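The structure displayed is predicted, hence computed values, not measured ones.
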Amino acid sequence: MKQLNKELEQLIEGALAGAIHRGDLPEFEIPSIPVSPPKRAGQGDLSYPGMSLARLARKNPLEIANLIAATLPEADFIDKIEVAPPGFINCFLSESYLKGQVDRIIAEGEDFFQIDIGAGQKAQVEFVSANPSGPITIGHTRNAVVGDAMARLLEAAGYKVQREYYYNNAGNQMIVLGKSLMARYRQQLGEDINFPADYYQGEYLVEIAAELAEEHGDALKGAGWERFKDMAEARMFEWINRSLAAIDIKHDRFYNETSLFESERIWAVLEAMRDRGHIYQSPHWEGADDEEIADVRSKGYEPATWFRSTSFGDEKDRVMVKSDGVPTYTLPDIAYHRDKLERGFDIAVNVLGADHFSQAQVVKHGIRALNMDPDPIQVIFIQMVRAVRWNAETGKMEVVKQSKRAGDFDTLDELVEMTSADAVRYHMLARSPNSQLDFDVDQVVKQSNENPVYYIQNAYVRCAGIFREAQERGFNDDGADLSLLGEDELKFIRKALELGNVIEQAVRNYEPHKIAFFAQELAAVFHPIYDKVRVLHGEVPVDVAAARLRFYRAAGVVFYRLLRLMGMSAPERM
RNA sequence: GCUCCAGUAGCUCAGUGGAUAGAGCAUUGGUUUCCUAAACCAAGUGUCGCAGGUUCGAGUCCUGCCUGGAGCGCCA
């Protein structure tokens, strides 16, 4: 389906080129100025600010606008062009074109506004990537929802998309996880043993230990922490997948951090960086001040392996391999991203918590140090999530304390249990990733008109309801004459046709939340029409009813598409 | 101290350098012989954190400052 704003931009640019060619305007490079829907009625459906050209064309903006309007070629979607001071060119869409879109929408179905800015290029979205040491938390959930929506939008924009989870199953944390489970298991067997403060404290390890004791009795008594690590990891992996599946999220690939160790790729990466002169051995980094040096001395460190990331603009150099010979998290992370780029992704979106900002910068420096272009790596930083709740006594929003007491929650599982997968997805998505998110527990729990989740889904339900009823009455939209549609229906079509641009903006700016706001806006256009524009009613002539039924068929298609883009279900009934 | 994010209606937040700044919730009043009222209609609320600057035009861009959050580890 055409993106009308793009079409109009091209027509205007063509008209400008013609005017320059004829000498009506002086020679200048035509800038790309976006056409957008104006805010007010009477200003048309698409608007181009001709004033932007005044300086370049050295001409009165109104004159320029008039010149363009007069020479703009005809197009099937344009009804008329008006010029408004100080220099807007307002385009009114043709009614017959709009009415015809109803059939186009139905024909495209689930591919409604499948655009092609990706042109089949390979894109990857790496998201969640939570450490397998505990359940998916409310923070991971936001990451999951944003990442999956981004993947769906990239698909809608014509990219081939792979969803990947970087599975941090290497490093000290996994050792601690294994030892924690081992200690819990022994406690289950009745041993009175110390459980250190730096072990994983969560109740879930106690539960797993209890299951192990049930299954194996004391048969695992002599097993080492490695065995417990493997069992803990397997359970965590299964748990994480189950939690994510509950909100309809599935990764195509889990990329194990350990594979980078086993294949020795991390060492290859380190050597490649060393060959280019970015690696050195030292007890402290080259730019360390006296205080840092004194600190290092007091700790008695042997020399470590440093990456001179300051060459790429970093504020200090970073340790790649600790003095005990164990790599930091950063080295495999760089190796991982090199691998991503070598797999040939044109876009590699990385959804990360804002607390990973510095780390992501270092990885990009590392990629540059390998003489590779980090440009395909695009990072969406997600700001913090807090669960909040209205306190009627203080009259303020309050942060919900994370606790296991009834009513409070801090995991995805509990969140879904208290609300619903759809509610979680919508509310986590309907916010700019750059904004901190206050997740209002009570509002999400409410299943009423106070909740935009159901407002949007109900639009689809209503479309489905009309069809159910029509079918029962033996009525259909065969041979519908779309010219019988009225201004209300056209209003919906106009809004629905903005979807292509919404998808493009969301993809180009890596802002998947835009789709959630658009869905809400479109539902707000739909519901008043539903109340007003009846199909199965005695006073509606049969031919008009058929046209309207076809319209609601198209509306249903659009809402289905939107709900799927957000990863939400499209129920036929509430 | 440095870096990043945010500050817009009572609350939670949208807002492509364009026209008279928007939505949901909350508040108030109304609507159903008709496809599910989880809906609709109507009403009110703004120093867009502050001060400068750029521009024909700034909530949006630049500079400085204030407030809140995140980061600045031989953790992952």
Expected output is a numbered-order residue list: members of residues 3-10 of chain A with a heavy atom under 4.0 Å from any atom of RNA chain B. What is it? none
Polar contact flag, side-chain donor to acceptor under 3.5 angstrom, A/Q505-A/E511: no
Just by distance, no angles: are the side chains of A/N131 and A/Q173 close enough, under 3.5 Å, to form a donor-acceptor pair? yes
Along RNA chain B (nearest heavy atom to each residue), the more 5'-positioned of A/D531 and A/D324: A/D531
A/H365 NE2 to B/rU3 P, straight-line distance once rounded to whole Å: 14 Å
Roughly how many Å apart are B/rG17 and B/rC48, using the C1' atom of each and rounding to a whole number? 16 Å
Where does RNA chain B pair, written as one dot-bracket string 5' to 3', with Watson-Crick or G-U pairs under 3.5 Å, ( ) inside the strand, [ ] for crossing pairs and | for another strand? (((((((..((((....[...)))).(((((.......))))).....(((((..]....))))))))))))....
Under 4.0 Å between a side-chain N or O of A/T328 and OP1 or OP2 of B/rC75? no
Just to confirm, is there a sub-4.0 Å distance from OP1 or OP2 of B/rG15 to any side-chain nitrogen or oxygen of A/K514? yes
Partners of A/K179 by side chain to side chain contact (heavy atoms under 4.5 Å, CB included), sequence neighbours excluded? A/I175, A/Y199, A/W225
Can you check the A/E257 CD to B/rC75 C1' distance for me, whole Å? 12 Å
At under 4.0 Å, does any side-chain N or O of A/Y336 touch on OP1 or OP2 of B/rA76? no
In whole Å, measure the gap between the C1' atoms of B/rG59 and B/rU3 for me. 25 Å
Below 4.0 angstrom from OP1 or OP2 of B/rC75, is there any side-chain N or O of A/N172? no
Please report the distance, rounded to the nearest Å, between CH2 in A/W285 and P in B/rC74. 11 Å
So which nucleotide from B/rA6, B/rC40, B/rU36 ends up closest to the side chain of A/R468? B/rU36
Listed nucleotide nearest any side-chain atom of A/S36, set B/rU16, B/rA76, B/rA19: B/rU16
Of B/rC35, B/rG18, B/rA38, the nucleotide closest to the side chain of A/R534 is B/rC35
Using a heavy-atom cut-off of 4.0 Å across all strands, would you classify A/N90 as base, sugar-phosphate, or nothing? base
Any donor-acceptor N or O pair under 3.5 Å, side chains A/Y454, A/D422: no
Plane angle bin for A/F439 and A/H427 - parallel if under 30°, tilted between 30 and 60°, otherwise perpendicular: perpendicular
Set of residues satisfying ring pair (Phe, Tyr, Trp, His ring centres under 6.0 Å) with respect to A/H356, sequence neighbours excluded: none
Distances for protein N/O vs nucleotides 67-73 of chain B N/O pairs under 3.5 angstrom?
{"unit_1": "B/rG69", "atom_1": "O4'", "unit_2": "A/Q436", "atom_2": "NE2", "d": "3.4"}
{"unit_1": "B/rG69", "atom_1": "O2'", "unit_2": "A/Q436", "atom_2": "NE2", "d": "2.9"}
{"unit_1": "B/rG71", "atom_1": "O2'", "unit_2": "A/S358", "atom_2": "OG", "d": "2.9"}
{"unit_1": "B/rC72", "atom_1": "O2'", "unit_2": "A/E315", "atom_2": "OE2", "d": "2.7"}

When the ring planes of A/Y552 and A/F526 are compared, do they come out parallel, tilted or perpendicular, using 30° and 60° as the limits? perpendicular
Please state whether the base of B/rA6 and the side chain of A/S432 form at least one donor-acceptor pair under 3.5 Å? no
Can you identify which nucleotide, out of B/rA76, B/rG18, B/rC35, has its nearest atom closest to the A/P49 side chain? B/rG18
Given B/rC13, B/rG24, B/rC34, the nucleotide with the shortest approach to the side chain of A/Q520: B/rG24
Between B/rA14 atom P and A/H513 atom NE2, what is the distance in whole Å? 6 Å
Look at the side chain of A/P37 and decide which nucleotide, out of B/rC40, B/rU16, B/rC13, has an atom nearest to it. B/rU16
What integer number of Å spans the P atoms of B/rG30 and B/rG46? 25 Å
Within this structure, what is the OH-to-P distance between A/Y200 and B/rC75, rounded to whole angstrom? 14 Å
Selection from B/rA76, B/rG24, B/rG15 that lies nearest to any side-chain heavy atom of A/P452: B/rG24
With A/H527 as partner, the option from A/F492, A/Y460, A/F559, A/Y455 fulfilling ring pair (Phe, Tyr, Trp, His ring centres under 6.0 Å) is A/Y455
Name all residues meeting the side chain to side chain donor-acceptor pair (under 3.5 Å) criterion together with A/E292; count only those two or more places apart in sequence or in a different chain, and write none if there are none. A/W285
Would you indicate which nucleotide in B/rA6, B/rC40, B/rU12 comes nearest to any side-chain atom of A/P528? B/rC40
Can the ring centroids of A/Y167 and A/F237 be said to lie less than 6.0 angstrom from one another? yes
Does the side chain of A/E257 come under 3.5 Å of the side chain of A/Y329 through a donor N or O and an acceptor N or O? no
Checking only heavy atoms, does the side chain of A/N501 share a donor-acceptor pair with the base of B/rU16 at less than 3.5 Å? yes
Test side chain to side chain donor-acceptor pair (under 3.5 Å) applied to A/R308 and A/H365, A/H278, A/E286, the passing residue: A/E286
Between the protein and nucleotides 56-61 of chain B, which nitrogen or oxygen pairs come in under 3.5 angstrom?
{"unit_1": "B/rC56", "atom_1": "OP1", "unit_2": "A/R55", "atom_2": "NH2", "d": "2.3"}

Could you state the CG-P distance from A/L331 to B/rA76, rounded to the nearest angstrom? 11 Å
If we take the P atom in both B/rA23 and B/rC40, what is their distance in whole Å? 13 Å
Is NZ or CZ of A/R297 both nearer than 6.0 Å to the six-membered ring centre of A/Y301 and within 45° of the ring axis? no
Examine B/rA37: is either OP1 or OP2 under 4.0 Å from a nitrogen or oxygen in the side chain of A/R462? Give yes or no. yes
Calculate the interatomic distance between A/E572 atom CD and B/rU36 atom P; express it in whole Å. 13 Å
Under 4.0 Å from any atom of RNA chain B, heavy atoms only: list the residues of residues 539-549 of chain A that qualify, in numerical order. none
Which part of the nucleic acid, if any, lies within contact of A/F517, taking any heavy atom under 4.0 Å across all strands shown: a base, the sugar-phosphate backbone alone, or nothing? sugar-phosphate
Sequence-distant partners of A/E82, side chain to side chain donor-acceptor pair (under 3.5 Å), two or more places apart: A/K80
With side chain to side chain donor-acceptor pair (under 3.5 Å) as the criterion, how do A/E233 and A/N169 come out once you've worked through the C-alpha distance, each side chain's angles and the decisive distance to 0.1 Å? CA-CA 8 Å; A/E233 184 184 331; A/N169 58 345; 3.3 Å; yes
Let me know the distance between CZ of A/F526 and C1' of B/rA38, rounded to the nearest Å. 13 Å
State which residues pass ring pair (Phe, Tyr, Trp, His ring centres under 6.0 Å) with A/F28; sequence neighbours excluded, sorted by chain then number. none
Scan nucleotides 43-46 of chain B against the protein and return all N/O pairs shorter than 3.5 Å with their distances rounded to 0.1 Å.
none

Suppose you measure atom C1' in B/rU60 against the same atom in B/rG53; what distance do you get, rounded to whole Å? 15 Å
Using a heavy-atom distance cut-off of less than 4.0 Å, which residues of residues 502-510 of chain A contact RNA chain B? A/Q505
